[in-house]
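The next block holds one structure in the form of structure tokens; read it before the comments.
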Number of protein chains: 2
Amino acid sequence: MTTARAAAGTASTRGRRVGRRSGDQRELAILATAERLMTGRPFAEISIDDLARGAGISRPAFYFYFPSKDAVLLTLLDRVTEEADAAAGTVLDRVAEDPRTRWRELISRFHDTFRAHRAVVLACAQARTTNPEVRELWAAVLERWVRCTETAIEAERRRGAAPDGLPARDLAVALNSMNERVTYATLAGDGPAVAEADVVDVLLDVWLSAIYRSTTPPSA
Amino acid sequence: MTTARAAAGTASTRGRRVGRRSGDQRELAILATAERLMTGRPFAEISIDDLARGAGISRPAFYFYFPSKDAVLLTLLDRVTEEADAAAGTVLDRVAEDPRTRWRELISRFHDTFRAHRAVVLACAQARTTNPEVRELWAAVLERWVRCTETAIEAERRRGAAPDGLPARDLAVALNSMNERVTYATLAGDGPAVAEADVVDVLLDVWLSAIYRSTTPPSA
DNA sequence: CAACAATCTCGACACCCTGTCGAAACCCGC
DNA sequence: GCGGGTTTCGACAGGGTGTCGAGATTGTTG
């Protein structure tokens, strides 16, 4: 509930202590309906009428709770965002464990977050191309993971465990982009993909060699 | 012109030697209009009416040439596909050069192909989430690059230059996915990105360390 | 308990977009 | 100058979005 979209008719009454017998229920019903329908077909194919009917109200009534279909998605994304940020945060705290375990944790949390919210993630990936708000919110989530990675790389370099090389930021962006695309492809069945069971191992392998690498390619 | 969508009214007359004074012109005019408009705003926001008017015909007349807006995109994508396949193909032939140069070539061709057709690539990335034909054609393009990479990795391993490790296929998928996402993000200004000038170098660095890697991470 | 205001609901409307149909105009070889 | 393929478009049907204003419902308050 941080972004500008906020529900329409209720924006001004949000903080009151009483009332709204059916209002909150309805808002939640719309969100629940959206999540339910999204697991069955792409978000783009779900009409506002579908959401309204699913929540037991008429289409115009829908607009009392949300200004548009995208606003529903954005609210759903907010939840994922919070969870993803939390997941990214906790990994940094584990300093005691060995590096391989820590990196594995980072990657598998990323992957798990995607998978746990498959429908929302898929819908956002699509909506972000047309909706600036979705694009920015999504970018912010990614940015968190990138920064988390960057910090960890720098720490490893400082303690002499990882060699210098690419700017940590660039490396972090590249590796997280790989994770995003590979994980997405696995979930969406979109393009060349890695077997679901191997995804984390494959990604980890590339991460480790890129971060701790020591060889340059031999000549011909 | 290989896929099923083919133009509507002209399907049966495609191979004839005479006639069609204005027909072919119009078809090209539609394609040209699409490319022109796509550079200014997202494909999703361009209506069939826009394309028709741009080509100097009415909306119903558009349907004589293409069965839908997506069919136009698909035709545009066909061109990119051919160019991309050609680019992927030529890299494999250069056996004489040193590995680093070959890999760099592979990556930068990929990147250049994307950049040269920015608008089409962006539109396809969006359309592929809703249109199975676009999705499959796009996946096929990616698959070519993956196979090209896979073959090259295996060759390096056979000659003892690269160590064994991940299945070549998985590694190739992961690295190409990284390229796709990083390149896309750079073009679309979408999410955390690497500076345009550094993209190829950053990607190359990760590729080389993943393919020729020799170290495992140190313990804590 | 009546009346007021906030909350909530929906029928009806304006608008935009897609895709189709059938009638008509056009161009060609004969 | 006629017949057949090619090309064009007005008009329609259907479905989606977003808005408006009138009405129903409900909690609060004098």
Side-chain angles (χ1 to χ4, degrees), chain A residues 5-31 33-34 37 41-74 123 126-127 130-131 133, chain B residues 5-31 33-34 37 41-74 123 126-127 130-131 133:
Chain A
R5 71 229 161 316
T10 56
S12 59
T13 57
R14 205 123 265 272
R16 84 223 160 293
R17 358 165 246 304
V18 291
R20 283 262 283 197
R21 211 192 71 272
S22 57
D24 284 321
Q25 263 171 238
R26 291 267 138 94
E27 194 172 321
L28 292 176
I30 292 172
L31 292 169
T33 304
L37 296 181
R41 60 189 145 139
F43 187 66
E45 285 174 24
I46 297 169
S47 71
I48 288 179
D49 203 51
D50 294 332
L51 296 179
R53 283 181 190 289
I57 55 177
S58 71
R59 203 171 57 79
F62 167 91
Y63 287 98
F64 180 78
Y65 297 101
F66 295 96
S68 69
K69 202 175 65 165
D70 278 359
V72 175
L73 184 59
L74 232 13
Q126 180 182 103
T130 49
N131 184 313
E133 286 191 272
Chain B
R5 72 227 161 317
T10 55
S12 59
T13 57
R14 208 121 264 269
R16 82 224 161 294
R17 359 163 246 301
V18 289
R20 281 264 284 199
R21 210 191 73 273
S22 58
D24 284 321
Q25 265 170 237
R26 290 268 139 94
E27 193 171 322
L28 292 176
I30 291 172
L31 292 169
T33 303
L37 296 182
R41 61 189 144 138
F43 187 65
E45 285 173 24
I46 297 169
S47 70
I48 289 178
D49 203 50
D50 292 332
L51 297 179
R53 283 181 191 288
I57 55 178
S58 70
R59 204 172 55 80
F62 167 92
Y63 287 98
F64 180 77
Y65 296 101
F66 294 96
S68 70
K69 201 175 67 164
D70 278 359
V72 175
L73 183 59
L74 233 14
Q126 181 183 104
T130 50
N131 184 313
E133 286 191 272

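Keep in mind that what you see is a predicted model, and the values were worked out from it rather than measured. Below, chain A is the first sequence line, B the second, and so on; all start at residue 1. Atom set for the values below is all heavy atoms of this structure, side chains included, hydrogens, waters and symmetry mates excluded.
Between the P atom of C:dC16 and the CG atom of B:L51 lies a distance of 18 Å, rounded to the nearest Å. Rounded to whole Å, the distance from OH on B:Y63 to C1' on C:dG22 is 17 Å. Per the geometry, CD belonging to A:E27 stands 14 Å off C1' belonging to C:dT7, to the nearest Å. One can place CZ of A:F64 at 15 Å from P of D:dT19, the figure rounded to the nearest angstrom. Across the protein-nucleic acid pair, A:F62 atom CZ and C:dC10 atom P stand 14 Å apart, rounded to whole Å. Taking atom CG of residue B:D49 and atom C1' of nucleotide D:dC9, one finds them 12 Å apart after rounding to whole Å. As a whole-Å value, the separation of A:R53 CZ from C:dT9 P is 15 Å. Rounded to a whole Å, the CG atom of B:D50 is 12 Å from the P atom of C:dC16.
Listed candidates were D:dA11, D:dT19, D:dT8. Nearest to the side chain of A:R59 is D:dT19. Closest to the A:A61 side chain, of the nucleotides D:dT8, C:dT9, D:dG18, is C:dT9.
Note that CZ of B:F64 is 10.5 Å distant from CD1 of B:I30, once rounded to the nearest 0.5 Å. For the atom pair CZ of A:F66 and CG of A:L73, the computed distance is 11.0 Å after rounding to the nearest 0.5 Å.
When heavy atoms are screened at a 4.0 angstrom cut-off, B:S58 is found touching base atoms of the nucleic acid.
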